[in-house]
Amino acid sequence: KPKAEANGAKTEGNGNKTEEDDKDDKAAQSLLNKLIRSNLVNTTNQVEVLQRDPNSPLYSVKSFEELRLKPQLLQGVYAMGFNRPSKIQETALPMMLAEPPQNLIAQSQSGTGKTAAFVLAMLSHVDPENKWPQCLCVSPTYELALQTGKVIEQMGKFYPEVQLVYAIRGNKLERGTRLQEQIVIGTPGTVLDWCQKLKFIDPKKIKVFVLDEADVMIATQGHQDQSIRIQRMLPKSCQMLLFSATFEETVWNFAKRIVPDPNIIKLKREEETLDTIKQYYVICNSKEEKFQALCNIYGAITIAQAMIFCHTRKTAGWLAGELSREGHQVALLSGEMQVEQRAAVIERFRDGKEKVLVTTNVCARGIDVEQVSVVINFDLPVDKDGNPDNETYLHRIGRTGRFGKRGLAINMVDSRFSMNILNRIQEHFNKKIEKLDTDDLDEIE
Ligand code: ADP
């Protein structure tokens with residue numbers, strides 16, 4: 001049973017998050033974003049580069065041709081629909097492909113092209129004549145490892161001499177096996193076993209070591225230790241690469257232990273803003289009244305697609321039922337769903353098959369559905385202490401930079417408590433949230 005399914009179910013409603021929940025949460029979010037995302041995140045920020053040797057010239061490329069890739073790989077890159085390197089790839093690829101190999105720590109938000117970059121680096125460094133593992137990539141979970149493996153398979157489609165093997169639970173090999181595949185992708189525990197106990201891999205022959213999703217990895221102490229033990233078995237000459245979507249102090253400390261003498265590339269997250277959003281609130285007295293207000297809004301304005309956030313799974317389920325009875329095509333995202341099921345729901349919504357997505361806070365945190373123009377907070381976001389969750393509010397309704405289309409946010413207020421939350425959110429962002437009279441809706445269009 002995939003671990004990720006526990007996410008949400010355990011955390012919702014009670015504040016007792018365990019380390020395991022936290023890790024599942026991060027891993028699930030990361031996987032969902034990968035499953036959903038079909039293209040690059042647009043970013044206006046510039047990369048920051050810290051070179052190990054500040055005197056060496058810094059190369060960046062504007063095309064894949066400049067990289068002098070093997071023709072089979074260039075073909076793979078174009079077959080994936082990539083025309084030019086992403087922001088992070090512009091500098092990361094020349095560094096990773098340089099001779100002699102350089103170590104790299106790279107941080108940028110998910111969807112900026114990190115995976116594609118290190119996959120290309122691994123495929124480039126392989127000698128297909130040599131029938132033994134030369135590149136080793138560790139991912140925090142089984143599902144994430146499979147996902148990265150798919151990218152390797154896709155990009156290496158025209159390079160069939162290069163083979164890939166998954167070092168993940170369930171993949172049992174006979175004792176005494178010596179792997180012939182040049183690339184190994186897996187989770188830390190199994191990879192360590194294959195290197196140390198079972199000796200399927202000779203770590204001394206590894207030329208490229210990739211540690212992906214470092215921030216998710218370190219959420220589990222065991223993974224952190226295993227990763228370090230793997231790293232220690234590798235030769236000094238091995239190229240070490242580490243990637244992370246976020247960069248807290250803890251990630252940084254871990255990264256320094258994994259990657260000696262690193263070059264560092266950072267790309268700031270695109271800031272979200274409320275500037276292009278019209279924010280309203282509606283006063284109601286009960287959830288039934290909130291539902292009625294919602295119907296009035298639907299009757300008054302044309303809503304292409306909306307996302308509706310509820311505090312609990314119960315409310316979300318109830319609301320989805322009521323909306324379907326009204327004839328809406330509703331998608332429901334719920335905590336008890338497995339991560340693949342959730343991805344399927346979001347994907348259908350993204351493709352426009354459903355027009356309304358009802359979800360709880362926990363389920364949709366950190367997930368980007370870009371085309372939604374209307375966001376409804378059926379319940380306002382609060383943290384476990386009952387304080388306004390400003391960050392979640394911003395993430396739900398905010399838009400990034402100048403790419404953001406105009407949007408509409410409607411907040412349902414049903415008590416003095418929620419009025420107080422609303423006021424505090426308004427103060428925090430210093431942006432007025434207008435009162436909306438749902439019996440007279442001329443003003444919002
Ligand atoms: P990350 O690892 O940072 O989350 P990915 O490498 O998974 O990012 O890339 C995000 C999405 O963008 C994927 O769908 C990937 O296929 C696509 N992609 C990556 N690099 C490029 C590129 N240079 N041009 C177009 N699309 C790209």
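Starting from 1, each residue takes its place in the sequence as its number. Below, all heavy atoms of this structure are taken into account, side chains as well, without hydrogens, waters or symmetry copies. One-based numbering, in listed order, for ligands and for the atoms of each.
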### Task
Would you please say whether a donor-acceptor pair under 3.5 Å links the side chains of Tyr393 and Gln279?
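Their side chains do contain a donor-acceptor pair, which is all the 3.5 Å distance test asks for.
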### Message
Quiz question: by atom type and distance under 3.5 Å, do the side chains of Gln102 and Asn263 form a donor-acceptor pair?
### Response
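Checked: Gln102/Asn263 side chains pair up, N/O donor to acceptor below 3.5 Å.
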Top protein contact for [atom], by heavy-atom distance:
atom: atom 6 (O) of ligand 1; value: Ala116 N, 3.0 Å
atom: atom 15 (C) of ligand 1; value: Phe82 CZ, 3.9 Å
atom: atom 8 (O) of ligand 1; value: Gly113 N, 2.9 Å

### Task
For atom 1 (P) of ligand 1, state which one of Ala245, Ala106, Gly111, Ser244 supplies the nearest heavy atom.
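Of the listed residues, Gly111 has the closest heavy atom.
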Under 4.0 Å from a heavy atom of [X]: which atoms of ligand 1 are those, numbered in the order shown and with their elements?
X: Lys114; result: 1 (P), 2 (O), 3 (O), 6 (O), 8 (O)
X: Arg84; result: 22 (C), 23 (N), 24 (N)
X: Leu40; result: 12 (O), 18 (N), 19 (C), 20 (N), 21 (C), 22 (C), 24 (N), 25 (C), 26 (N), 27 (C)
X: Ser86; result: 23 (N)

### Task
Output yes when a side-chain donor or acceptor of Asp383 lies under 3.5 Å from a complementary backbone atom of Asp389, and no otherwise.
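Checked: no pair found.
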### Task
Using atom types as modelled and distance alone, determine if a side-chain donor or acceptor of Lys355 lies under 3.5 Å from a backbone N or O of Ala306.
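Checked: no pair found.
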In residues 72-83, what donor-acceptor pairs under 3.5 Å come from side-chain atoms, sequence neighbours left out?
unit_1 : atom_1 : unit_2 : atom_2 : d
Tyr78  : OH     : Glu65  : OE1    : 3.1
Tyr78  : OH     : Glu65  : OE2    : 2.3

### Task
For side chain to side chain donor-acceptor pair (under 3.5 Å), just list the numbers for Arg257 and Gln224, CA-CA rounded to whole Å, side-chain angles, deciding distance to a tenth of an Å, and then say yes or no.
CA-CA 10 Å; Arg257 296 182 69 183; Gln224 189 161 333; over 6 Å; no
Say whether [X], considering both its backbone and side-chain N or O atoms, lies within less than 3.5 Å of an N or O atom on ligand 1.
X: Phe64; result: no
X: Gly81; result: no
X: Gln89; result: yes
X: Thr115; result: yes
X: Ser110; result: no

### Closer than 4.0 Å: a protein non-hydrogen atom to atom 19 (C) of ligand 1
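Protein heavy atoms within 4.0 Å of atom 19 (C) of ligand 1 - there is at least one.
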### Task
Look at Glu48 together with Lys266 and state whether they make a salt bridge at an N to O cut-off of under 4.0 Å.
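No salt bridge links Glu48 with Lys266.
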### Contact check, Phe243 vs ligand 1, heavy-atom distance below 4.0 Å
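In this structure, Phe243 fails to qualify as a contact of ligand 1 - no heavy atom is under 4.0 Å.
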### Query
With a 6.0 Å cut-off on ring centres, are Phe243 and Phe118 close enough?
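Yes, the ring of Phe243 comes within the 6.0 Å limit of the ring of Phe118, centre to centre.
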#### Entry: Pair Tyr298 and His328, ring centroids less than 6.0 Å apart
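Centroid distance Tyr298-His328: below 6.0 Å, so yes.
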#### Entry: Partners meeting salt bridge (Lys or Arg N to Asp or Glu O under 4.0 Å) with Asp193 (sequence neighbours left out)
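Salt bridge (Lys or Arg N to Asp or Glu O under 4.0 Å) check on Asp193 returns Lys197.
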